[in-house]
Each structure stands twice: as structure tokens, then as C-alpha cells.
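Okay, structure first, notes after.
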Amino acid sequence: MTTTMNPQNSRTHTWTPPTVLPAHFAELSGLEFLQAMLDGKIPAPPIAGTLDFTLVSVGPGVAVFEGQTGEHQYNPLGSIHGGYLATLLDSALGCAVMTTLPPGQAYTTIQLNVNMIRPAFAHTGPLRCEATTLHVGRTVATAEARITGTADGKLYAHGTTTCAIFPLR
């Protein structure tokens, strides 16, 4: 009996290790902080390189991410893993909430609801996730988002979040 080996693919990515940010970054609003990230003044979080997605724009109550699909995100059935879509949604939803926070405030996801509409594949190409806030209160915020294919315009997933809001200190 002869066993043949399949060729292996590889993927390399780099990231800037998370560091303690200078004190003046704590004086920025959430929107200012994310804009500084877009401007390259604050490094993107390592998860962005690991999963191949990035923040592309922000505005008050809005955050947009784009991610490139690839075989490295496949589940055992040969489609993009639902966890990738959930992470893309969670990132955009949380950042939409973050854009509304004043200096000294932070957030964390306490609930994430994800609806997968259709499978995505490596050949699907880039996905775009647009998130907007629905409610931002003193201690709780909610937001909704949609993931669409940039090439085909099809809806791949949508979701909502509830975030807790709390002081940084």
C-alpha cells in the first residue's frame, strides 16, 4: 500500500505585540482612538493579522471591517468557519459601540447573536462587515451588523450585540 502526501500550504503573518499605550491615549474618545488606529498611530490588534481582517472606516456609531477569505479559515466541511464570521461581526459591532464612548470609558461584549445566511469559501473573496449602534446608554449598548461579499453583494451573515460600558479606572 502506497500513501501519497498532499502538498501543504503555509501562511505567515506578523503583528505588533500588544503594549501598554502611552497615557495620553486614555484621554482619547473611542472614535479618536479608532481613528488613530486607522492613521497608523496605534497598532492594529494581533487578531486582525491572525484572521486577515482590518478596520477600514469609522464614524460616530459606525465601524466597517473588511476581511479576506482563504482556505486557512476552512472548517472540516470545506467552507469558511462560522467562528471567522462571528469574530468579524464581534469586532465591527464592538468598535461601533466604541466610537460612541467618551474618554475614560470602555466596553466588553456580553451577548453576541450571529445568523449565518450562506456559506463563504476562499473563492468568495473579500467580505465587508458594517456595524451601527442601535442604543448607547450609560451602562449598556446595542448594535447590529451585516457581512456582505464585496464582489457579489450577497448577505453572508448578520448579527447583534449587547455590550457593557464601564469606566477604565
Check: F121 main-chain N/O paired with T69 side-chain donor or acceptor under 3.5 Å
yes
Run the side-chain contact (heavy atoms from CB on, under 4.5 Å) check on F33 and I42 step by step: do they pass?
CA-CA 8 Å; F33 185 92; I42 297 173; 3.4 Å; yes
From N113 atom CG to T161 atom OG1, the distance as rounded to the nearest 0.5 Å:
9.5 Å
Can you tell me if Q35 uses its side chain to pair, donor with acceptor, with the backbone of E32 under 3.5 Å?
no
Ignoring hydrogens and geometry, is there a side-chain-to-backbone donor-acceptor pair from Q73 to L51 under 3.5 Å?
yes
Roughly how far apart are L31 CG and C95 SG, rounded to 0.5 Å?
11.0 Å
Calculate, to the nearest 0.5 Å, the distance between atoms CD and SG belonging to Q111 and C163 respectively.
9.0 Å
Is there a donor-acceptor pair under 3.5 Å between the side chain of N75 and the backbone N or O of G78?
yes
Checking the side chain of E66 only, and the main-chain atoms of T150 only, is there a donor and an acceptor separated by less than 3.5 Å?
no
A86 versus L112, closest heavy-atom pair with distance
O-CD2, 3.9 Å
Quick one: do V58 and V64 satisfy side-chain contact (heavy atoms from CB on, under 4.5 Å)? Show the steps, please.
CA-CA 6 Å; V58 293; V64 179; over 6 Å; no
Transitively linked via ILVMFWY side-chain contacts under 4.5 Å: V136 with V62?
no
Between OG1 on residue T109 and CG on residue L89, distance to nearest 0.5 Å
11.0 Å
For A92 and C129, the nearest pair of non-hydrogen atoms, with its separation, is CB-SG, 3.6 Å
Qualifying ring-ring contact (aromatic ring centres under 6.0 Å, His included) pairs with a residue from residues 150-169, counting only residues at least two apart or across chains:
none
Give the minimum heavy-atom separation between F53 and G67, together with the two atoms involved.
CB-CA, 3.6 Å
Verify same cluster id: M116, L88 (apolar side-chain graph, 4.5 Å)
yes
Going only through I, L, V, M, F, W and Y residues with side-chain contacts under 4.5 Å, is there a path from L155 to V114?
no
Do the side chains of M37 and F65 join up, straight or via other hydrophobic residues, at under 4.5 Å, putting them in one cluster?
yes
Give the C-alpha distance, both sets of side-chain angles, the deciding distance and a yes or no for side-chain contact (heavy atoms from CB on, under 4.5 Å) between I147 and L85.
CA-CA 8 Å; I147 296 176; L85 298 174; 4.0 Å; yes
Does any part of the side chain of P103, heavy atoms only, come nearer than 4.5 Å to the side chain of S29, both counted from C-beta?
yes
Can you give me the closest heavy-atom contact between L168 and A106, atom names plus distance?
CD2-CB, 3.5 Å
Roughly how far apart are H72 NE2 and S10 OG, rounded to 0.5 Å?
11.5 Å
Minimal non-hydrogen separation, A122 against E71, with atom names
CB-N, 3.7 Å
So, T99 side chain and G30 main chain: donor-acceptor pair closer than 3.5 Å or not?
no
Please check if the side chain of D152 supplies one atom and the backbone of K154 the other of a donor-acceptor pair under 3.5 Å.
yes
So which atom in L127 and which in G149 form the shortest heavy-atom distance, rounded to 0.1 Å?
CD2-CA, 3.9 Å
Here the gap from I165 atom CD1 to Q105 atom CD, rounded to the nearest 0.5 Å, amounts to 7.0 Å
Per the side-chain hydrogen bond (donor to acceptor under 3.5 Å, both in side chains) rule, what does the pair list look like for residues 134-149, sequence neighbours excluded?
none
Report whether L101 and I110 are members of the same hydrophobic cluster (ILVMFWY, side-chain heavy atoms less than 4.5 Å apart, transitive linking).
no
May I ask you to decide if A157's main-chain N or O and R118's side chain share a donor-acceptor pair within less than 3.5 Å?
no
